[in-house]
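Heads up: the structure comes next, in structure tokens.
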Number of protein chains: 2
Amino acid sequence: MKTPQDAFTTYLSEKNLKMTPQRRLILDTFIDEKQHLSPEELYDKVKKVDPSIGQATVYRTLKLLVEAGIVESLDFADGVSRYEVSWGEEHHDHLICERCGKNIEILDDVIEKRQEAIAKEHGFTLSHHKMYLYGLCSKCGRKRS
Amino acid sequence: MKTPQDAFTTYLSEKNLKMTPQRRLILDTFIDEKQHLSPEELYDKVKKVDPSIGQATVYRTLKLLVEAGIVESLDFADGVSRYEVSWGEEHHDHLICERCGKNIEILDDVIEKRQEAIAKEHGFTLSHHKMYLYGLCSKCGRKRS
DNA sequence: AGGTGGATGAATATGCTTCTCAATACGGGA
DNA sequence: TCCCGTATTGAGAAGCATATTCATCCACCT
Ligand SMILES: [Mn+2]
Ligand SMILES: [Mn+2]
Ligand SMILES: [Zn+2]
Ligand SMILES: [Zn+2]
């Protein structure tokens with residue numbers, strides 16, 4: 001499978017857009033950080049390599065990466081949007097501790113199949129879904145204040 | 001079971017807060033509209049009855065209603081927060097058409113049980129979850145542009 | 001009546017995200 | 001190589017939903 005970088009280059013040229021040093025740096029930095037990053041956090045990382053970069057460019061590039069199907073946007077309901085590199089990765093959902101923020105990636109075939117079935121029952125063609133499970137992890141559950 | 005209004009009154013007095021005409025009007029209006037309302041939409045409805053009401057009061061009251069467990073906040077990824085009255089209603093999730101906005105409430109026992117099981121496997125105590133299925137409804141799917 | 005604490009509306013502030021704009025970089029053709 | 005059109009960029013301003021501030025108001029108790 002193509003690397004995310006190659007996929008991005010391909011996507012850009014298809015749209016008559018250009019691969020630039022800034023875009024390359026932003027994607028490379030994102031891939032290095034295997035995390036659920038907010039635009040601001042990614043901007044901070046990128047600035048360490050190229051302090052002249054503007055945060056508008058980070059927002060714009062994230063938008064492009066989502067359109068290109070290389071990155072997915074997440075929603076942990078913590079006030080900022082978050083992203084993760086999804087290219088070449090298996091789909092998964094998230095189990096989140098509301099106290100400490102611990103975040104576990106989960107995947108359940110039974111659920112995924114039922115989601116498809118439910119959509120079909122209603123005549124829908126499913127394009128994607130979001131599922132977030134919120135609760136307390138074992139550590140935080142014990143010392144519940 | 002208590003009505004949402006009674007539940008709200010109870011909650012307020014427990015917290016040494018007061019039931020006011022504004023709060024009563026906001027909840028009554030919300031209950032009349034069996035919809036997924038945004039704060040702005042609710043504000044517009046309420047203003048028709050009492051034009052002197054402030055939108056800060058709508059935001060504040062919605063927050064209280066969520067805390068009281070009478071209302072739930074939703075996230076349809078359309079740029080605004082949305083709410084629905086959940087008191088006395090069965091939990092459900094949503095199936096959303098990305099083209100026309102059609103919104104179907106769904107509930108699947110298999111999924112709900114698996115969610116609990118997954119959380120347990122990871123030592124989590126689940127407090128709640130969000131699940132949104134996005135796609136195209138039968139109408140919009142046919143005339144795909 | 002006077003006092004106390006919550007509630008309110010208008011205005012202002014906040015925080016994340018997007019847009020505007022002038023300057024710059026790039027790439028293909030003369 | 002120079003020219004030209006287009007895409008890109010960074011800085012700052014603007015948008016937009018939501019939260020907060022603050023002076024006033026009101027309900028209730030003594
Ligand atoms: Mn899933
Ligand atoms: Mn559910
Ligand atoms: Zn935890
Ligand atoms: Zn539709």
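Everything quoted here is computed from the prediction, not taken from an experiment. Here is the naming used below: chain letters follow the sequence lines, and residue numbers restart at 1 for every chain.
Rounded to whole angstrom, the span from the CG atom of A:Leu62 across to the C1' atom of C:dT18 amounts to 13 Å. As a whole-Å value, the separation of A:Leu17 CG from D:dG5 P is 20 Å. Put simply, CD1 on A:Ile53 is 9 Å from C1' on D:dT9, counting in whole angstrom units. At whole-Å resolution of the value, CG in B:Leu64 and P in C:dA7 are 8 Å apart. When the P atom of C:dT8 is taken as reference, atom OH of B:Tyr43 falls 14 Å away, rounded to whole Å. Put simply, CD on B:Gln22 is 5 Å from P on C:dT8, counting in whole angstrom units.
For the 3.5 Å distance criterion, the side chains of B:Glu105 and B:His36 qualify, holding a donor opposite an acceptor. Counted by atom type alone, B:Glu72 and B:His128 present zero donor-acceptor pairs between their side chains at under 3.5 Å.
Checked against B:Gln5 for a side chain to side chain contact (heavy atoms under 4.5 Å, CB included), the options B:Thr10, B:Leu27, B:Ile70 give a single hit: B:Leu27.
Looking only at side-chain heavy atoms (C-beta outward), A:Phe76 and A:Ile96 come within less than 4.5 Å of each other. Side chains of A:Lys139 and A:Cys100 form no contact here, defined as non-hydrogen atoms less than 4.5 Å apart. Counting only heavy atoms from C-beta outward, the side chains of A:Arg114 and A:Asp108 never approach each other to under 4.5 Å. At a threshold of 4.5 Å between non-hydrogen side-chain atoms, the residues B:His129 and A:Met131 do not count as touching.
In terms of phosphate contacts, B:Thr20 brings a side-chain nitrogen or oxygen within less than 4.0 Å of OP1 or OP2 of C:dT8.
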**OP:** Any chance you could list the contact pattern along nucleotides 14-30 of chain D? Use B for base contacts, S for sugar-phosphate-only contacts and - for none, protein heavy atoms under 4.0 Å, 5' to 3'.
**Re:** ---SBSBB---------
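Residues from residues 23-31 of chain B with heavy atoms under 4.0 angstrom of DNA chain D: there are none.
The cluster map of Ile, Leu, Val, Met, Phe, Trp and Tyr, joined by side-chain heavy atoms under 4.5 Å apart, puts A:Leu42 and A:Leu74 in different clusters.
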